[in-house]
Amino acid sequence: MVTFLNLSVTIPVAEKANDYFYVAKPKEMIEKKILEILKDAIGELYGQQPDNSLLQVQKTRPEFQGEYTVVVFPLLKISRKNPEQTAQELGTFFIEKSPEITDFNVIKGFLNLSVSQSYWLGVFNQMLTDNQYGFISEKQGNPLVIEYSSPNTNKPLHLGHIRNNLLGWSVAEIVKSSGTPVKKVNLVNDRGIHICKSMLAWQKWGNQVTPEITDQKGDKLVGDYYVRFDQEYKIEIKQLIESGQDPDWAKNNAPLLLEAKQMLKKWEDEDPEIRELWNKMNRWVYDGFDQTYERMGIDFDKIYYESQTYLLGKSLVEEGLQTGVFYKKEDGSVWCDLTSDGLDEKLLLRADGTSVYMTQDLGTAQLRYDDYHPDKLIYVVGNEQNYHFDVLKLILKKLGKSWASHIEHLSYGMVELPQGKMKSREGTVVDADDLMDEMYQTAKKTTEELGKFDDFTPDEAHTLYQMLSLGALKYFILKVDPKKTMMFNPQESIDFTGNTGPFIQYTHARIQSVLRKATESGIEFSHTC
RNA sequence: GGUCCAGUAGCUCAGCUGGAUAGAGCAGCAGCCUUCUAAGCUGCGGGUCACAGGUUCGAGCCCUGUCUGGAUCACCA
């Protein structure tokens with residue numbers, strides 16, 4: 001859609017530093033040409049080769065005549081003439097040397113150039129006839145690997161994941177369209193104490209229910225038991241405190257928590273019964289996630305599981321210990337000292353030898369490198385983890401991994417609601433499925449009220465509502481600068497007027513309608529003037 | 001407290017490599033439906049670009065400081 005509307009403005013002055021996002025278009029050819037002629041002009045008129053940074057060409061503001069504007073201020077030190085005179089001389093040169101430039105005018109230090117109609121018609125025809133316009137076919141070489149989504153298996157996807165998924169998937173597709181091979185990967189956090197909590201709660205109070213029995217998505221069912229654990233756990237703490245125990249002690253020694261910890265230990269010891277339960281419940285969750293991803297239009301080339309990478313992380317820590325990059329404290333815990341880099345000491349292994357988040361991420365990064373040898377390894381992760389990624393890169397560098405510099409954290413801001421931040425404890429988290437349902441219902445209601453599509457079959461109507469609601473959601477979220485905290489207003493997001501996805505869809509529909517009616521009445525398109 | 005990020009119209013957001021009079025949408029007001037989809041269009045009002053210095057021919061954008069908000073500095077992930 002964006003490519004079709006040609007909304008992006010490209011930068012022709014120098015080859016862009018980050019060529020992953022560079023897509024050549026015919027329109028740019030004239031911009032490049034203008035720059036070349038400008039360079040020639042300066043050479044011929046003033047006898048100098050200017051630095052590229054002095055050559056500034058931009059689109060002409062709509063209130064002036066012309067399509068492209070040369071900013072002459074930076075050139076004055078070369079021309080040693082006043083702005084108007086310099087612009088006048090350059091403009092005359094353009095007319096003489098370039099058939100594409102038909103006219104020019106000078107306003108203050110701005111030289112506005114008019115490009116011939118036949119040139120624009122040529123561009124337009126190319127866009128019209130090239131159905132791959134704006135896309136470059138895949139080049140050879142190492143891929144760009146991009147990780148996004150990264151859910152936990154103890155709760156369903158929420159609004160924060162939606163921003164993450166849409167950003168990650170979109171960046172992947174944009175990069176892909178520029179010809180760079182892309183691997184979209186997901187990292188599922190499928191192990192740890194939080195998973196054991198839902199498992200334990202299901203064992204105790206689940207009565208062997210399954211998603212089939214409760215007619216519920218698997219991720220929702222498992223999430224419910226995670227919540228149930230927390231409720232029962234709080235009751236236990238309260239009782240312990242009431243019986244005179246210290247609150248901190250109560251939190252760490254509530255029977256339920258101890259039981260969950262035991263279960264984690266059993267899991268690590270590969271207890272068959274626990275592993276079976278773990279497999280079963282995770283499968284439920286994955287089925288649920290798959291449905292959500294599919295509806296959202298999100299996909300992956302490969303899914304990593306932390307249960308399969310944390311051991312590799314541990315071996316990397318061992319490696320670092322041997323080379324002296326890490327050190328062991330008296331209690332047996334392993335650390336990396338980053339104070340000389342302005343950061344703190346970082347724990348890598350607990351005293352009991354179990355791994356932490358960083359340990360796992362080291363392993364995952366190594367595995368990705370081994371799998372793909374990527375030129376760039378992008379992580380789409382919220383900005384609350386900026387520090388984590390600074391540390392990750394630094395530690396990998398200390399371990400002598402040359403590819404540490406290939407890691408890039410695509411950091412995005414939190415999504416807030418009109419009533420404030422989403423807080424799971426306060427039940428203000430917006431569930432991804434619920435949100436899509438709600439928007440679907442609004443699309444349906446609004447459409448039915450307008451009565452425009454009464455002749456649609458149920459299938460057609462369903463497709464329409466799906467397109468409208470997802471278009472609204474995606475556009476609303478993607479139009480905001482990723483790094484900024486954004487406000488998600490459910491009311492406004494499902495508004496079908498103004499700067500919204502549905503409005504763009506509507507515009508597209510009207511254009512199609514014009515073309516259809518033109519064809520029906522036998523009008524032929526002319527590609528020339 | 002240290003580090004990082006943000007602050008632009010009543011609200012939500014654009015603003016490209018520093019370039020001409022800072023732009024959209026929403027909300028408000030005034031118009032427009034026998035002809036292309038009114039889920040629309042046209043017009044009006046609305047700004048100390050958080051503040052103060054600095055660099056520059058030129059600063060919303062770069063630098064320094066201040067204020068405000070957020071994140072982070074866990075044997076959570």
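On a predicted model such as this, the values are computed, not experimentally measured, just so you know.
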Candidate nucleotides [options], ranked by approach to the side chain of [X] - the nearest:
{"X": "A:Val356", "options": "B:C36, B:A77, B:A14", "value": "B:A77"}
{"X": "A:Asn383", "options": "B:A71, B:A14, B:C75", "value": "B:A71"}
{"X": "A:Gln56", "options": "B:G40, B:G19, B:A6", "value": "B:G19"}
{"X": "A:Met487", "options": "B:U12, B:A77, B:A20", "value": "B:U12"}
{"X": "A:Gln58", "options": "B:C26, B:G19, B:A38", "value": "B:G19"}
{"X": "A:Phe110", "options": "B:A20, B:A77, B:A71", "value": "B:A20"}

Do the side-chain N or O atoms of [X] get closer than 4.0 angstrom to the phosphate oxygens (OP1, OP2) of [N]?
{"X": "A:Arg350", "N": "B:A74", "answer": "no"}
{"X": "A:Lys479", "N": "B:A14", "answer": "no"}
{"X": "A:Arg61", "N": "B:G23", "answer": "yes"}
{"X": "A:Ser513", "N": "B:U37", "answer": "yes"}
{"X": "A:Lys421", "N": "B:A71", "answer": "yes"}

Contact nearer the 5' end of RNA chain B, comparing A:Leu343 with A:Asp331: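 Its nucleotide being nearer the 5' end, the pick is A:Leu343.
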State the pairing partner of [N]; accept Watson-Crick or G-U wobble contacts with both distances under 3.5 Å, and report none otherwise.
{"N": "B:U37", "value": "none"}
{"N": "B:U72", "value": "B:G2"}
{"N": "B:C62", "value": "B:G54"}
{"N": "B:G47", "value": "none"}
{"N": "B:A9", "value": "none"}

Atom-pair distance ([atom1] on [X]; [atom2] on [N]), nearest Å:
{"X": "A:Lys59", "N": "B:G19", "atom1": "NZ", "atom2": "P", "value": "14 Å"}
{"X": "A:Asp481", "N": "B:C16", "atom1": "CG", "atom2": "C1'", "value": "13 Å"}
{"X": "A:Phe503", "N": "B:A24", "atom1": "CZ", "atom2": "P", "value": "13 Å"}
{"X": "A:Lys108", "N": "B:A20", "atom1": "NZ", "atom2": "C1'", "value": "5 Å"}
{"X": "A:Asp344", "N": "B:U72", "atom1": "CG", "atom2": "P", "value": "15 Å"}

Ignoring hydrogens and angles, are the base of [N] and the side chain of [X] linked by a donor-acceptor pair under 3.5 Å?
{"X": "A:Asp495", "N": "B:A27", "value": "no"}
{"X": "A:Thr485", "N": "B:A71", "value": "no"}
{"X": "A:Asn386", "N": "B:C5", "value": "no"}

With a 4.5 Å cut-off on side-chain heavy atoms, are [Y] and [X] touching?
{"X": "A:Tyr286", "Y": "A:Asp190", "answer": "yes"}
{"X": "A:Lys398", "Y": "A:Leu338", "answer": "yes"}
{"X": "A:Asn112", "Y": "A:Ile107", "answer": "yes"}

Measure from NZ or CZ of A:Arg163 to the centre of the six-membered ring of A:Tyr412 and say whether it is under 6.0 Å with the direction within 45° of the ring axis.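 Judged by the rule (NZ or CZ under 6.0 Å from the ring centre, within 45° of its axis), A:Arg163 is not positioned above A:Tyr412.
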Are the ring of A:Phe73 and the six-membered base ring of B:G58 within the stacking cut-offs of under 5.5 Å and under 30°?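 No; by the centre-distance and plane-angle rule, A:Phe73 does not count as stacking on B:G58.
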Are the charged groups of A:Arg228 and A:Asp224 less than 4.0 angstrom apart, N to O?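 Judged by the 4.0 Å cut-off on N to carboxylate O distance, A:Arg228 and A:Asp224 do not form a salt bridge.
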Mind checking A:Asn489 for me? I need base, sugar-phosphate or nothing, with any heavy atom below 4.0 Å counting as a touch.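 Nothing, no nucleic acid heavy atom in range.
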